[in-house]
Amino acid sequence: MNFFDMCKDLFERMSEIDDLKKDVQIYKKWQYYITNFWLINREDIEKFIVDVRSDNVLYSAICQVKRMVMYGPLKRLDELPLPELYNELSGEEYNIVLKGAYDSVKVLNELTNEQDKELQNKFANEDITIFMQYKCR
């Protein structure tokens, strides 16, 4: 089982917990958008992607850890052709699931601010020791 699968499994097991209600709603909305992509207003999809990224502390940690050399100029979401926008939306599953797993670990463990930052970095680095070091139900 790879890191993403472990995170998804944890998130799914914890999805009934009230503290994860927002994460679950976002994931369900993502599923709806990915299934009905061609029927949804483009601006709604762009707003959803921006909202998911801006509400996710792990997204910035992941960006810092995975500094990748980009080839060519970066494009804003509204500049992407629809197939590329679909790819961006597809990629958000990773961010949503990781945040859900991260929030699950936080619900199950009392963490100091320092431990929380360490946990964010472990998620950003896809460190599977998370599942041994912290209670994961």
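The figures that follow rest on heavy atoms only: side chains count, while hydrogens, waters and symmetry mates do not. Start at 1 with the first residue, then count along the sequence. Worth saying up front: this structure is predicted, and the values here are computed from it rather than measured.
A salt bridge is defined here as a Lys NZ or Arg NE, NH1 or NH2 lying under 4.0 Å from an Asp or Glu carboxylate O, and K22 with D55 meets this definition. A salt bridge links E93 to K8: one of the charged nitrogens lies within less than 4.0 Å of a carboxylate oxygen.
In terms of modelled atom types and a separation under 3.5 Å, the side chain of W30 and the main chain of L89 share a donor-acceptor contact. Between the side chain of N36 and the main chain of Y32, a donor-acceptor pair closer than 3.5 Å is present. Between the side chain of N125 and the main chain of D127, no donor-acceptor pair closer than 3.5 Å is present. Of the possible donor and acceptor atoms, one in the side chain of Q115 sits under 3.5 Å from a partner among the backbone N and O of T112.
Put simply, the side chain of E118 reaches to within 4.5 Å of the side chain of K122, judged on heavy atoms. In this structure, the side chains of F37 and L85 come closer than 4.5 Å at one or more pairs of heavy atoms. Two residues are said to be in side-chain contact when any heavy atoms from C-beta on lie closer than 4.5 Å; E88 and R53 meet this criterion. You'll find the side chain of V24 stays beyond 4.5 Å of the side chain of M14, heavy atoms only. Using a 4.5 Å heavy-atom threshold, the side chains of L108 and Y134 count as separate. Side-chain contact between I17 and S104: absent, with no pair of heavy atoms (C-beta onward) separated by less than 4.5 Å. You'll find the side chain of S15 stays beyond 4.5 Å of the side chain of L20, heavy atoms only. Side-chain contact between L98 and F3 is present, with heavy atoms from C-beta onward closer than 4.5 Å.
Taking both residues in full, the closest heavy atoms of E46 and D78 are given as OE2-CA, 3.2 Å, listed atom of the first, atom of the second, then distance. Minimum interatomic distance between V52 and N56 (heavy atoms only, all atoms of both residues): O-CB, 3.3 Å. The two residues V105 and F123 have their closest heavy-atom pair at CG2-CZ, 4.2 Å. Across all non-hydrogen atoms, the minimal contact from Y33 to D44 is CE2-O, 3.7 Å. The minimum heavy-atom distance between A101 and L10, with the atom names listed, is O-CD2, 3.7 Å.
With values rounded to the nearest 0.5 angstrom, C7 atom SG is found 13.5 Å from I96 atom CD1.
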Evaluation steps, side chain to side chain contact (heavy atoms under 4.5 Å, CB included), between L80 and Y86: CA-CA 9 Å; L80 296 176; Y86 181 85; over 6 Å; no
Audit row: K47, L77, side chain to side chain contact (heavy atoms under 4.5 Å, CB included) steps and yes/no: CA-CA 9 Å; K47 183 181 180 327; L77 291 173; over 6 Å; no
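When the shell of 6.0 Å around CD of E16 is examined, it contains 12 or fewer heavy atoms from other residues, nucleotides or ligands. When the shell of 6.0 Å around CG of L111 is examined, it contains more than 12 heavy atoms from other residues, nucleotides or ligands. Counted within 6.0 Å of CD on Q25, heavy atoms from surrounding residues, nucleotides or ligands total more than 12; the atom is thus considered enclosed.
In this model, a donor atom of one side chain and an acceptor atom of the other lie less than 3.5 Å apart for N95 and E92.
No chain of hydrophobic side-chain contacts below 4.5 Å, direct or via other Ile, Leu, Val, Met, Phe, Trp or Tyr residues, connects L39 to I49.
Note on ring orientation: taking the six-membered ring where Trp is involved, the planes of Y94 and F4 are parallel (angle under 30°, cut-offs 30° and 60°). Taking the six-membered ring where the residue is Trp, F11 and Y27 present perpendicular rings, their angle passing 60° and hence far from 30°.
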